[in-house]
Amino acid sequence: MKFFVDTADIDDIKEMAATGLLDGVTTNPSLIAKSGRDFMEVTKEICGLTDGPVSAEVVALDHETMMKEAEVLRKIADNVCIKVPLTIDGLKTCKALTNDGTMVNVTLCFSANQALLAAKAGATFVSPFVGRHDDNGFDGMELIEDIRLIYDNYDFETEILVASIRHATHVLQSAKIGADVATMPPAVIKALFKHVLTDKGIEGFMADWAKTGQTILR
Ligand code: G3P
């Protein structure tokens, strides 16, 4: 499973990239607003921090303007992936862009039928929002299971990019289901490394090593 970081914060992205485990970045208008940076400038900087796809979202709601915005966005860097909403205009835009070889991430997916439409529109990625689904009384992970089943039934190549991840269990479940990508806030990626027994084990080994009075680097 690929790991994307869901943020427009440059320091966080640098920190994640330094682990060697980062496969891409997703942003959205809310994350750009949170960064307080100029959209074009920050997106270009992010594209330079990873070789993987960097999702940059259109903000128009009609197909024609979405195409114009996509034209501007894809000139930022070769690894820009155009993010469009799961609407009729968004999927028209998706079809036109992917026919042309541009990567597209179809976002704000909340049903398996919507995911089926995104795949038929040739999406590179579909982004089902599991956390927001859970928040509204649905089962986000059940949605991922349904999409996996449908995509496998028809050999769709669209990658399932699990978004709106809130905790490490979402990541574990995504991996068990066989989702292709998980985009996570930096705090969730950091949480994946943690285990109380790892910390306790290190503590014990360090205490015993100190008793030997030895060093590895001499
Ligand atoms: O990038 C989209 C998605 O991950 C948003 O997550 O936490 O705002 O529901 P959240």
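All ligand and atom numbering here is 1-based and tracks the order in the structure. All residue numbers refer to positions in the sequence shown, counting from 1.
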Is D180 paired with R148 through a side-chain N to carboxylate O contact shorter than 4.0 Å? yes
Closest protein heavy atom (residue, atom, distance) for atom 6 (O) of ligand 1: S164 CA, 3.3 Å
Any idea which protein heavy atom is nearest atom 8 (O) of ligand 1, and the distance to it? R132 NH2, 2.8 Å
Identify the closest protein heavy atom to atom 4 (O) of ligand 1: which residue and atom is it, and at what distance? D6 OD2, 2.5 Å
Taking the six-membered ring for Trp and the single ring otherwise, decide whether the centroids of F125 and F4 are under 6.0 Å apart. yes
Could you pull out every donor-acceptor pair under 3.5 Å between side chains of residues 187-194 and any protein atom, sequence neighbours left out?
{"from": "K190", "atom 1": "NZ", "to": "E15", "atom 2": "OE1", "distance (Å)": "3.3"}
{"from": "K190", "atom 1": "NZ", "to": "E15", "atom 2": "OE2", "distance (Å)": "3.4"}
{"from": "K194", "atom 1": "NZ", "to": "D199", "atom 2": "OD2", "distance (Å)": "3.2"}

Enter the distance from C81:SG to E57:CD here, rounded to the nearest 0.5 Å. 10.5 Å
Quick one: does K83 get a heavy atom under 4.0 Å from ligand 1? yes
Provide the number and element of each atom of ligand 1 under 4.0 Å from a heavy atom of R166. 7 (O), 9 (O), 10 (P)
Please could you name the atoms of ligand 1 that F129 approaches to less than 4.0 Å, counting only its heavy atoms? 2 (C), 3 (C), 5 (C)
Residues passing the salt bridge (Lys or Arg N to Asp or Glu O under 4.0 Å) test with K2, sequence neighbours excluded, are E159
